[in-house]
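Starting off with a structure, shown below.
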Amino acid sequence: MPRKLAAGNWKMNGLRASLEELKTLEKRHDDASVDILICPPATLISACKDMLFDIGGQDCHSATSGAHTGDISADMLADAGASHVLTGHSERRTDHGEDDATIAAKSLAAYAADLTAVICIGETLEERENGSTLAVIDTQLAGSVPDAATAQNTVIAYEPVWAIGTGKVPTLDQIGEVHAHIRQRLTDRFSDGGAMRILYGGSVKGSNAADIFAVPDVDGALVGGASLKADDFSPIIAALEKA
Ligand code: PEP
């Protein structure tokens, strides 16, 4: 089985001074038994590249280069020291109108640059309430995850949109239902789908991490707010190590 993964998404937060938090985290988890991935803003990737953690971008363009002002390619992320990139985060889907086809193209660009794509999927509150969660997950998995996905080049992050940054968390049964469903779809479609890591994301904290990590098919977490401070992220890593 692949190692569990604790991933931090710093979003548009973090200046060079914030690297002190990572140095603290590094000292506390220098022999971690789980993988640790930090996705800082792109401006900090090269400053993080020699750290013990894996480093990821938060987005990439689907093209390798060209006239796309303000964008960053997967090759550029790799060149700066990244090994991973988030694709399809709900804030990209919402703020930038990214659809499943765009996310699949970005994930393919990640593979071409030898980056692991952390492909994010998840339902909105409206979709949860009208009972279409699993149908939404199916559509997003089919449209966002390329046929070339493998357990090595892809991690799936299930992030209910309504749980991101809100302090609201699905019940453990709801998390379990969606993760089991994703696992089934992955094993149906990919020969190594049983080994593809599935992260839960959405208001994970030290106080709820152990319960979430005990849910079957939860292979780790994608953490936003609680990944910014070593004191907040460290208990989540510790809970994953014990899971
Ligand atoms: C995220 O940004 O992917 C996320 C899950 O955020 P938070 O942990 O703050 O809900």
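Order of listing sets the numbers, starting from 1, for every ligand and every atom in it. Counting from 1, the numbers follow the sequence of the chain as shown.
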Ligand 1 versus A163: contacting region, heavy-atom distance under 4.0 Å: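 Looking at A163 and ligand 1, just backbone atoms fall under 4.0 Å.
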Nearest neighbour in protein (non-hydrogen) for atom 5 (C) of ligand 1: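 Of every protein heavy atom, E159 OE2, 3.0 Å lies nearest to atom 5 (C) of ligand 1.
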Parallel, tilted or perpendicular: rings of H179 and Y200 (30°, 60°):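 Rings of Y200 and H179: tilted, 30 to 60°.
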Donor-acceptor pair between S65 and S73 side chains, under 3.5 angstrom: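 Short answer, no.
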Under 4.0 Å to a heavy atom of K11 - the qualifying atoms of ligand 1, by number: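 Counting from 1, the qualifying ligand atoms are 1 (C), 2 (O), 6 (O).
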Joint cluster assignment, V136 & I119, ILVMFWY side-chain distance < 4.5 Å: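 No.
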Distance filter under 4.0 Å to N9 heavy atoms, resulting ligand 1 atoms: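 In order of number, 1 (C), 2 (O), 3 (O).
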Part of I164 within contact of ligand 1 (heavy atoms, under 4.0 Å):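 I164 to ligand 1: contacts from backbone and side chain alike.
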Nearest protein heavy atom with distance in Å, relative to atom 9 (O) of ligand 1: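 I find the closest protein heavy atom is G225 N, 2.9 Å.
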G165-ligand 1 polar pair, N/O distance under 3.5 Å: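 Looking only at distances, the answer is yes, because the N/O contact criterion of under 3.5 Å is met.
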Protein contact of atom 4 (C) of ligand 1 - nearest heavy atom, named by residue and atom, plus distance: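 So the nearest neighbour among protein heavy atoms is G224 N, 3.5 Å.
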Check: E91/T94 side-chain N/O donor and acceptor closer than 3.5 Å: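 No - no donor-acceptor pair under 3.5 Å links their side chains.
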Top protein contact for atom 1 (C) of ligand 1, by heavy-atom distance: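 Going by distance alone, atom 1 (C) of ligand 1 is nearest to H89 NE2, 3.3 Å.
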Sub-4.0 Å heavy-atom contact, S203 with ligand 1: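 Yes.
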Pair E123-Y158, side-chain donor/acceptor within less than 3.5 Å: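 Yes, because at least one side-chain N or O of E123 sits under 3.5 Å from a partner of the opposite role on Y158.
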Backbone of P216 reached by a side-chain donor or acceptor of R183 within 3.5 Å: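 Between the backbone of P216 and the side chain of R183 there is no qualifying donor-acceptor contact (under 3.5 Å).
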Proximal ligand 1 atoms for G202, defined as those under 4.0 Å from one of its heavy atoms: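 Counting from 1, the qualifying ligand atoms are 5 (C), 10 (O).
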Note, T150 side chain near Y111 side chain (heavy atom, < 4.5 Å):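 Not in contact.
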Donor on one side chain, acceptor on other, N130 and E126, under 3.5 Å: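 Side chains of N130 and E126: no pair found under 3.5 Å.
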